[in-house]
Structure formats: C-alpha cells, structure tokens
Amino acid sequence: MMHTVKLLCVVFSCLCAVAWASSHRQPCHSPPLTSGTMKVVSTGGHDLASGEFSYDSKANKFRFVEDTTHANKTSHMDVLIHFEEGILYEIDSKNESCKKETLQFRKHLMEIPPDATHESEIYMGSPSITEQGLRVRVWNGKLSELHAHYSLSTTSCGCLPVSGSYYGEKKDLLFSFFGVETEVDDPQVFVPPAYCEGVAFEEAPDDHSFFDLFHD
C-alpha cells in the first residue's frame, strides 16, 4: 500500500511538472471553489482583518466573514462581492441590515490577472525533505487604474493562494492564506440575504475596490 501511495505521489508530481513546463509561464487559474482563512496586515505590522473566505472562481464571487474574536473592534466585517456584476454587499446579520455599493474596479487578489508577469518559482522550506517544503510560483503586475502594483504567490500545482501583497498610493497590504480547501461547505454564502433585496445602492468613489475594505 505504501509503495502504491509513493508511486501515485511520484506520478502526480511528474504530471504537475509537465503541466508547469508546458504552461509557458501563463497565469494559472484558481480551482472552481476555494475556502479557508485569510489574514490581512499593513506593512507597518497592524492587523487589519482575519477571517474565513469563500471564493467561486467561475462566477467570480467572494465572501469574507471576519473572525469576531479578532482585534478590539466594535463591528466585524461580513462582505459579499459579485465581481462580474460589480456589486459589493456589506452584511450585518445581527441586525439584519445590508449596504450595497457599486464596485467599479473589479480586480482582486483571489485570481491572478491575465496580464500578470511570472517572476519566479521557489521552494518555501526544503525541496529535498519529504513534506517539509512547498513549491510556489510568484507573479506580479500593475493595477494602473489604482496607481498600484501587486505580487501574488500560489502553489505551483493547483494554483491555490499562498500570499499576496498590494502597494498603492493610499495603503500597502499583505495577505496570507491558511488551511485552503478546494470546496465550499455552503454555496449559499454567495447569495445575499433576503433583507438585502430592494436595498438602494449607496454612492461609492469611481476607484472603489476590493482593497478599500482593509484599513486601520
């Protein structure tokens, strides 16, 4: 049995290597569904948010629910973003209230932009000791509309998010992803609650983006 597992691992690794070699360093695509923990800090070391995320790459929908035990806050973030439609919902399940805003800028760090540049492929940890290393691809690019640039790290085989950074005029952010799974327990997390129906759009700046969610 152990030999079979090892053989399967070797075959899987080879397939990954072949797929990577034949990709011509084109940006990879996230799995259809991912979920896990996302933590955001400023480059100054301030914790900005930490909680559970769910992402549907096919429908381009994202949900983030901040951990209520995180930091000393009077309120905690619960947002649902439909990137294709350009709609951002801020949800208050306790009071059953909802804010709805237009999201003009629709790029984000859950998906590698198609114009991203491959920077390198590196090992985190050890490349030679079993289960003591992780091979990642590093991508970077510019978000010209926001006068910003970014860097993203994903697993080499599977394109799961590992970490990311955003450097803009207003803020610099560091993203970390933990315990990432290729499934979402409840697909209803991508559906706005009934009390969001009929809520009028609130005005938002033309450059309003995913990155504006995270601030001191």
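Nothing fancy with the numbering, it's 1 onward along the sequence.
For the pair Phe62 and Leu80, the minimum side-chain heavy-atom distance is 4.5 Å or more. Two residues are said to be in side-chain contact when any heavy atoms from C-beta on lie closer than 4.5 Å; Val79 and Ile91 fail this criterion.
Lys58 is linked by a side-chain contact (heavy atoms from CB on, under 4.5 Å) to Pro32, Asp56, counting only residues two or more places apart in sequence or in another chain. Legend: residues meeting salt bridge (charged side-chain N to carboxylate O under 4.0 Å, His left out) with Lys142, ordered by chain and number and at least two apart, are absent.
No donor-acceptor pair closer than 3.5 Å links the side chain of Ser153 to the backbone N or O of Val138. With hydrogens and angles disregarded, no donor-acceptor distance shorter than 3.5 Å links the side chain of Ser120 to the backbone of Ile122.
The CG atom of Leu33 sits 11.5 Å away from the NZ atom of Lys61 when rounded to the nearest 0.5 Å. For the atom pair OG of Ser54 and CE of Met38, the computed distance is 10.5 Å after rounding to the nearest 0.5 Å. Between atom NE2 of residue His29 and atom OG of residue Ser57 there is a gap of 9.5 Å, rounded to the nearest 0.5 Å. Here the straight-line distance linking atom NE2 of His147 with atom CG of Asp207 works out to 8.0 Å at 0.5 Å rounding.
Cluster annotation: Phe201 and Tyr89 are assigned to the same hydrophobic cluster (Ile/Leu/Val/Met/Phe/Trp/Tyr, side-chain heavy-atom contacts under 4.5 Å, transitive). With hydrophobic clusters built from ILVMFWY side chains whose heavy atoms lie under 4.5 angstrom apart, Leu146 shares a cluster with Leu48.
Nearest heavy atom pair, residue Asp78 against residue Arg63, reads OD1-NE, 2.7 Å. The two residues Glu121 and Ser156 come nearest to each other via the heavy atoms OE2-OG, 2.8 Å. In terms of heavy atoms, Met124 sits closest to Val136 at SD-CG1, 3.9 Å. Closest heavy-atom contact between Gly164 and Leu152: CA-CD2, 4.1 Å. Of all non-hydrogen atoms in Tyr195 and Ser93, the two that sit nearest each other are OH-CA, 3.2 Å. Taking all atoms of both residues into account, the shortest heavy-atom contact from Ser50 to Phe64 is C-CZ, 3.9 Å.
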Determine all donor-acceptor pairs shorter than 3.5 Å in which one atom belongs to a side chain in residues 165-194; sequence neighbours excluded.
unit_1: Lys171; atom_1: NZ; unit_2: Phe211; atom_2: O; d: 3.4
unit_1: Lys171; atom_1: NZ; unit_2: Phe214; atom_2: O; d: 2.8
unit_1: Asp172; atom_1: OD1; unit_2: Gly168; atom_2: N; d: 3.4
unit_1: Asp186; atom_1: OD1; unit_2: Gln188; atom_2: N; d: 3.0

Just list the side-chain donor-acceptor pairs under 3.5 Å for residues 97-115, sequence neighbours left out, or say none.
unit_1: Lys100; atom_1: NZ; unit_2: Val199; atom_2: O; d: 3.1
unit_1: Glu101; atom_1: OE1; unit_2: His208; atom_2: NE2; d: 2.8
unit_1: Arg106; atom_1: NE; unit_2: Leu103; atom_2: O; d: 3.4
unit_1: Arg106; atom_1: NH1; unit_2: Glu84; atom_2: O; d: 2.6
unit_1: His108; atom_1: ND1; unit_2: Met110; atom_2: N; d: 3.1
unit_1: His108; atom_1: NE2; unit_2: Asn60; atom_2: OD1; d: 3.0
unit_1: Glu111; atom_1: OE1; unit_2: Tyr55; atom_2: OH; d: 3.0
unit_1: Glu111; atom_1: OE2; unit_2: Ser30; atom_2: N; d: 3.1

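Side-chain polar atoms of Ser35 and Glu52 form no donor-acceptor pair below 3.5 angstrom.
Residues near Ile129 contribute nothing to a hydrophobic cluster around it, because no ILVMFWY side-chain heavy atom sits closer than 4.5 Å to its side chain.
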Exercise for the section: Run the numbers on His149 and Leu143 for side-chain contact (heavy atoms from CB on, under 4.5 Å), then give the verdict. Expected result: CA-CA 5 Å; His149 63 276; Leu143 302 172; over 6 Å; no
Practice task
Might you work through the side-chain contact (heavy atoms from CB on, under 4.5 Å) test for Thr154 and Trp139, ending with a clear yes or no?
Solution key: CA-CA 8 Å; Thr154 65; Trp139 312 86; 3.5 Å; yes
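Pairs of residues two or more places apart, or lying in two chains, that qualify as disulfide bond (SG atoms under 2.5 Å apart) and include a residue from residues 158-192 are Cys28-Cys159.
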